[in-house]
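Take a look at the structure below.
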Amino acid sequence: MTWPAVLFWIVIAAGVLMRGPLLLYAFFVFGAFGTLDMIPHEAVGGLNLSAQTFCALFLVVKILLAKGNPSRAMAAALDPSRLGVLFIFLAYGFLSAYVMPRLFAHLVEVIPIAVTLPWAVPLEPTAANFTQPAYMALSVGMTLAFTLVGGSANFRDHYLQALLLGGIVLIATGLVDMTMASLGLADLLEPFRNVSGNPLIDDHMLGAKRVVGLMPEASSYGGVCCEAAVGLTFLRPSFHNRLRDLVVPPTILGLIVMAMLSTSSTAYVGLTIFAVIFAMNWLRRFLAPHALGRDALKWEGLFVFAAALALLFVVTLAPAVLDPAYAMIDEVIFQKSETGSYVERTMWTRVGLDAFFATDGIGVGLGSARTSNWYVAILSNTGVIGAMLLGAFIVQVMLARSCNDKGAAEFMTALKFTLLPSAVMLALAGTTPDFGAGVGAKFGLILSLASLKRLPLSLSAATRAENS
């Protein structure tokens, strides 16, 4: 265990023992340290357990065990209009993880999650049939916990500030990675890079080092930077004035730059979808007379217009200046299909889809198959039943309506917009069926706001939520 892991354990312990939202802030900050393993490999059979995973676990437990929350959690988990469908999916996922690898053992070929192999192997139970259901349970737990506390305006303020702090740390780790690599001091970051396997921390494209921050590879870093930029952009109207006007905009810009420097094709596609949805959201806010942050619409429009005008001048007067950018985009996007990584990941998805059809749509069990497309991962691992249950829950979340409170309604709408670019990126790089603790938190916040109109928090419950 390295010294950063010891330091992070101290922070987690303090968050567990102290009142207040320290664990929430730590969850977003620790998301930037994807190559830091918190437990020695020998103790867990080589399994990598990140600081963010432990932070999410203790955050869920702390919220669920708060006074009055166990009964509320049970009610929410059993209510079909809230989390009932999601918990049925989780139960089916656990059942499939045990039954399907044994039912179809050696009859179907898969790319296993537990070990990295360049070829398909016969299906059989593996450690991933235990770990992946556990990760899924943690993500569902985040959904449940945030459903309980998201009705508190104070908690939502802390969520926004934690998201902002996490974005700043992501930028900082990217800058540190770039600086240390250029100075030949990359070895100083080794204490933060103790995961097993072979993280691609020194990958290059067109002669330039790809920025990886403290994540396992450039695509991971680019993806999380893109998601953070999306979240801050759409949730910006919900920030308080000083943060909204002075801190959030440069953080968004810095995250976009870092996502581009990662040269991740997934991040580039995510940024493209982000731009399209941003335009749609800007038009929505412009047409809604009571939307939050309407005073900033003109400045956002002027910024986009000025940027487009500047790009037009550059293309017209000095087109050669953009040749490196054209070459990079061509390499990352249009030549992607010629890379070994693309061929390998396409093979993962094809094998997973073949396994789905080979089992007549039943699936090979949660945690049995690795793919490069999250939707295929759900189908191949949990089959038609699991896909229908999870799909029904996601539709329920996206159709949820908020109460008449303008701030809560805008917050819910913004959260739904943040899920859309993530949905596209998961189709390009979702290797496991788990939708993730961060997405689970968004699901929970949306449902907490939807429940306000029919299940308001009592004063004591609201106080506990703010201090959880």
Side-chain angles (χ1 to χ4, degrees), residues 39 41-50 53 57 85-143 195-197 216 344-394 426-427 429-437 439-440:
I39 295 182
H41 302 150
E42 301 79 13
V44 289
L47 180 66
N48 293 318
L49 295 171
S50 69
T53 298
L57 175 62
V85 176
L86 182 61
F87 272 86
I88 294 174
F89 164 77
L90 181 63
Y92 179 77
F94 271 88
L95 177 65
S96 72
Y98 180 80
V99 173
M100 303 312 170
R102 292 164 175 81
L103 179 63
F104 297 109
H106 302 285
L107 300 177
V108 182
E109 289 192 334
V110 296
I111 304 294
I113 294 178
V115 291
T116 303
L117 293 174
W119 56 78
V121 297
L123 173 67
E124 60 182 19
T126 66
N129 292 121
F130 297 95
T131 58
Q132 287 303 310
Y135 282 127
M136 184 69 80
L138 181 58
S139 300
V140 172
M142 284 288 283
T143 303
V195 294
S196 60
E344 181 182 35
R345 287 177 172 268
T346 301
M347 184 266 292
W348 295 353
T349 302
R350 177 180 54 78
V351 172
L353 201 56
D354 290 343
F356 168 74
F357 288 113
T359 58
D360 296 323
I362 298 177
V364 292
L366 185 60
S368 294
R370 177 197 300 267
T371 71
S372 188
N373 182 309
W374 180 78
Y375 303 95
V376 176
I378 289 294
L379 281 172
S380 62
N381 283 262
T382 64
V384 172
I385 296 176
M388 290 181 63
L389 287 169
L390 185 55
F393 172 75
I394 294 174
L426 282 172
T431 58
T432 68
D434 180 28
F435 53 77
V439 172

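What's counted below: heavy atoms across the whole structure, side chains too, no hydrogens, waters or symmetry copies.
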* Heavy-atom check, side chain of T382 versus side chain of L390, under 4.5 Å -> no

* Residues two or more places apart in sequence or in another chain: which of them pass side-chain contact (heavy atoms from CB on, under 4.5 Å) with I111? -> A120, M347, W348, V351, R370

* To do: Check whether any side-chain heavy atom of V121 lies under 4.5 Å from a side-chain heavy atom of P112, and answer yes or no.
  => yes

* Starting at CE of M388, measure out to CG of L379 and round the result to the nearest 0.5 Å. => 11.5 Å

* At their closest point, which heavy atom of G436 faces which heavy atom of S139, and how far apart are they? -> C-OG, 3.2 Å

* All pairs passing salt bridge (Lys or Arg N to Asp or Glu O under 4.0 Å) where residues 354-364 contributes a residue, at least two apart -> R350-D354

Donor-acceptor pairs under 3.5 angstrom involving side-chain atoms of residues 87-100: please list them, not counting sequence neighbours.
from	atom 1	to	atom 2	distance (Å)
S96	OG	Y92	O	3.4
S96	OG	G93	O	2.8
S96	OG	L366	N	3.2

* Asked: What is the minimum heavy-atom distance between A128 and P133, and which atoms define it?
  -> O-CD, 3.5 Å

* Evaluate the side-chain proximity of L123 to L107: yes if any heavy-atom separation is below 4.5 Å, no if none is. => no

* Asked: What side-chain hydrogen bond (donor to acceptor under 3.5 Å, both in side chains) pairs are there with at least one residue in residues 122-136, not counting sequence neighbours?
  -> N129-S368

Just distance, no hydrogens or angles: give the donor-acceptor pairs under 3.5 Å from side chains in residues 371-378, sequence neighbours left out.
from	atom 1	to	atom 2	distance (Å)
T371	OG1	N373	N	3.2
T371	OG1	N373	O	2.8
T371	OG1	G430	O	3.4
S372	OG	R345	NH1	3.4
S372	OG	L428	O	3.3
N373	OD1	Y375	N	2.9
N373	OD1	V376	N	3.2
N373	ND2	A427	O	3.0
W374	NE1	P433	O	2.7
Y375	OH	A423	O	2.8

* Write down the atom of A369, the atom of S380, and the distance for their closest heavy-atom approach. => CB-OG, 4.0 Å

* To do: Tell me, please, which residues at least two apart from S50 pass side chain to side chain donor-acceptor pair (under 3.5 Å).
  => T53

* **Heavy-atom closest pair, residues V364 and A355** => CG1-CB, 3.9 Å

* Quick one: pull up CG in N381 and CG in D434 and give me the separation to the nearest 0.5 Å. => 11.0 Å

* ring pair (Phe, Tyr, Trp, His ring centres under 6.0 Å) against F435, all qualifying residues, sequence neighbours excluded -> F443

